[in-house]
Amino acid sequence: MCNAVRERGQKLMAAKQGAFVTEITPRSEDFSRWYTDVIRRAELADYSPVKGSMVIRPYGYAIWELMQAELDRRFKATGHVNAYFPLFIPESLLRKEAAHVEGFAPQVAWVTRGGDEDLEERLVVRPTSEAIIGTMYAKWVQSWRDLPILINQWANVVRWEKVTRLFLRTTEFLWQEGHTAHETEAEAEAEALRMLGVYKEFVEQELAMPVLDGRKTDSEKFAGAVHTYSIEALMGDGRALQAGTSHHLGQNFAKVFDIKFQARDKSVQFVWQTSWGMTTRLIGGVIMVHGDDSGLILPPRIAPHQVVVVPIPRGNWRETVLPRAQAIADELRTAGTRVLVDDREEYSPGWKFAEWELRGVPLRLEIGPRDIERGQVVLVRRDTREKLPAPMDGLPERVRALLATLQEDLFERARRFRDERTQRAATRDAFRELLEGRPGFVIAPWCGAADCEARIKADTQATIRNIPLDPPSPSGPCVECGAGGQVDAWFAKSY
RNA sequence: CGGGGCGUGGCUCAGUAUGGUAGAGCACUCGGUUCGGGACCGAGGGGUCGGAGGUUCAAAUCCUCCCGCCCCGACCA
């Protein structure tokens, strides 16, 4: 109660001091609350009556659609095709791969009844689709000529999570899962790495989120994989977020699902497989990497509205200002920019400024009678709040250039933050100090033993996020046990 | 799943120690004046207090059980 009173007091103070938005908890005060406040106030998502499950609202879904389009384009460009497999998987199929079941069993939702009859065999609601897809691949592959199979699926999956958070971990979530089958181990390995590269490029280019690409340790890899690659991003509170994973499955699933083919040398072989996925969690990542105390900041490339036009009503503005605003919007649209004209009369311009900042629109375009006299508009960047008067002539080009700059600047800012929060530790004590002082990535030599990894996790909560591809030689002995270091690993507390 | 916190109009909360039948601000509706950083005046609508039991003449308030959300830990995208 005391807290509530104090908080309200602080919010009022903030308002008096000229802060623009007072309806969300400041990021520095309580990062978690800030995160959920932003999501709800920006209308990205809402809690649903189903425990652990959320509703993705139109504005949030529009972001997902833009991500989907960009990812899908990249999948097609690398020769993949989309298909759809069933939501339900017979228990017996899931059980075939021992490590796989073991990994997923605690998170699986079961269907035991259909209508008014008990099922003869229980079904699981897919937590991932290796089992059902492997079963189908066994039917489709006879010869080396049938390979590779490069299929992607856009779907929902269910994992019975104990603790859920909007976007980051919900019982049901949306994702994309690629499942490929190849003739050789080298080909599968190349595919796993290629898709990791696609993910990195996508996240950095479209989401302006710098990521570290690397390999997971054995204890962190996907259940049933030979090895797992991931890209890891650093959130605004210094915790890491796994933004995408790509697995080399070897022949583990091929052997249990019997996916065989006649090879070029006429021998019968098992296929080599990969799988890779990205989820709606990325939306949570975008919020936590770019957002500020005023709310969301969306990278232009995934912003549902890249520009919001706010006409300033004054005098007979409906005859003068509004038509100009509409004309400018049309011009921008023709040039390929996503524009919204906020012509609502029930809200003041100031209210609209705050509202669209909260919703993360990258660029605001103000146009009023004064501007029209001068043949200009006022552009305002969401990230820096800079006000930039711009002549009406050549506006589409100016806006496009500004959006591109903003996209780059967001990436640069995030990269600088990540770099500032990435430190090296050579000793056990230094490692612990760094983690407690300024949360972020800590690079430290590791001997490769699962024990050391587990011990570090147990007393610092930090895990090895991944080990960079082509790691340099270790910088010293293992931070935990002092034995010869094998690699420099990237540690962090994570979501 | 363990520890802690919280559920009262759409939102933020007051009211709960001392039971007497629900209030504020914001939001919303209508009318008018406004509008270059969350405008103002006037008139309205809306809650049975997370749910179910119980105690009592009387329960938001006391008791029991259940549910949900948030935060911190063990598991995961």
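Keep in mind the model is a prediction, meaning the values are calculated, not measured. Chain A is the first sequence line, chain B the second, and so forth, proteins listed ahead of strands; every chain is numbered from 1.
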[X] side chain: which of [options] is closest?
X	options	answer
A/Q461	B/G37, B/A74, B/C35	B/A74
A/E161	B/C76, B/G38, B/C1	B/C76
A/E366	B/A74, B/G36, B/G38	B/G36
A/P349	B/G73, B/G37, B/C35	B/C35
A/S32	B/G36, B/C71, B/C76	B/C71
A/R370	B/G36, B/G38, B/C1	B/G36

Practice problem: Go through the steps for A/D371 and A/R324 under the test salt bridge (charged side-chain N to carboxylate O under 4.0 Å, His left out), then give the verdict. | Solution: CA-CA 11 Å; A/D371 297 307; A/R324 270 330 272 277; over 6 Å; no
Look at all strands and tell whether [X] reaches a base, only sugar-phosphate, or nothing, counting heavy atoms closer than 4.0 Å.
X	value
A/L241	nothing
A/T228	nothing
A/G368	base
A/K493	nothing
A/G52	sugar-phosphate
A/P106	nothing
A/Q107	sugar-phosphate
A/Y47	sugar-phosphate
A/K352	nothing
A/V157	nothing
A/R40	nothing
A/D371	base

Below 3.5 Å, does any donor atom in the side chain of [X] face an acceptor in the base of [N], or the other way round?
X	N	answer
A/K162	B/G2	no
A/E357	B/G37	yes
A/R364	B/G37	yes
A/R159	B/C76	no

For the [atom1] atoms, the ones on [N] and on [M], what distance do you get once it is rounded to whole angstrom?
N	M	atom1	value
B/G46	B/U29	C1'	10 Å
B/G50	B/C11	P	13 Å
B/U12	B/A27	P	15 Å
B/G5	B/C63	P	15 Å
B/G15	B/G7	P	10 Å
B/G42	B/G47	P	25 Å
B/G4	B/C26	C1'	30 Å
B/C13	B/C6	P	12 Å

So what's [N] paired with, Watson-Crick or G-U wobble, going by both distances under 3.5 Å?
N	answer
B/G10	B/C26
B/C49	none
B/G20	B/C57
B/G73	B/C1
B/C40	B/G32

Distance check needed: [N] [atom2] versus [X] [atom1], whole Å only.
X	N	atom1	atom2	result
A/N466	B/C76	CG	P	16 Å
A/R239	B/C76	CZ	C1'	13 Å
A/R374	B/G36	CZ	P	15 Å

Exercise. Pull out every residue in residues 298-328 of chain A that has a heavy atom closer than 4.0 Å to any atom of RNA chain B, ordered by number, or say none.
Key: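 Residues of residues 298-328 of chain A under 4.0 Å from RNA chain B: A/I312, A/P313.
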Quiz item: Any luck finding a side-chain donor-acceptor pair between A/R126 and A/T128 under 3.5 Å?
Solution: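 Side chains of A/R126 and A/T128: no pair found under 3.5 Å.
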Exercise. Could you verify whether a donor N or O on one side chain and an acceptor N or O on the other, from A/H247 and A/Q273, lie under 3.5 Å apart?
Key: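 A/Q273 and A/H247 do not have a side-chain donor-acceptor pair below 3.5 Å.
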Self-check item: Listed once per pair and sorted, the side-chain hydrogen bond (donor to acceptor under 3.5 Å, both in side chains) pairs that draw on residues 300-315 of chain A, sequence neighbours left out
Solution: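 Applying side-chain hydrogen bond (donor to acceptor under 3.5 Å, both in side chains) to every pair that reaches into residues 300-315 of chain A, excluding sequence neighbours, yields A/E206-A/R301.
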Just checking, [X] and [Y]: is the charged tip under 6.0 Å from the six-membered ring centre and within 45° of the axis?
X	Y	result
A/R169	A/Y495	no
A/R159	A/W175	yes
A/R27	A/W34	yes

Counting just side-chain N and O atoms, does [X] come under 4.0 Å of either OP1 or OP2 of [N]?
X	N	result
A/R165	B/C71	yes
A/Y347	B/C28	yes
A/S348	B/C35	no

Practice problem: Assign each of A/S48 and A/F222 to its nearest nucleotide of RNA chain B by heavy atoms, then name whichever residue's nucleotide is nearer the 5' end. | Solution: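 Its nearest nucleotide being more 5', the pick is A/S48.
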Quiz item: Toward the 5' end of RNA chain B, which comes first, A/V380 or A/E345, by nearest nucleotide?
Solution: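 Result of the comparison: A/E345.
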Practice problem: Using the test side chain to side chain contact (heavy atoms under 4.5 Å, CB included), find all partners of A/E43 that sit at least two apart in sequence or belong to another chain. | Solution: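 Side chain to side chain contact (heavy atoms under 4.5 Å, CB included) list for A/E43, sorted by chain: A/R57, A/R359.
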Practice problem: Can you establish whether the number of heavy atoms outside A/E65 located under 6.0 Å from its atom CD is more than 12? | Solution: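 Atom CD in A/E65 is packed in, count exceeds 12.
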Self-check item: Crowding at CZ, A/R215 (>12 non-hydrogen neighbours, <6.0 Å)
Solution: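 Counting other residues, nucleotides and ligands, CZ of A/R215 stays at 12 neighbours or fewer.
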Practice problem: For B/A60, decide between syn and anti, treating a glycosidic angle within 90° of 0 as syn. | Solution: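 You should classify B/A60 as anti.
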Quiz item: Given the side-chain rings of A/F222 and A/F104, with only the six-membered ring counted for Trp, is the space between their centroids under 6.0 Å?
Solution: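 Yes; A/F104 has its ring centre under 6.0 Å from that of A/F222.
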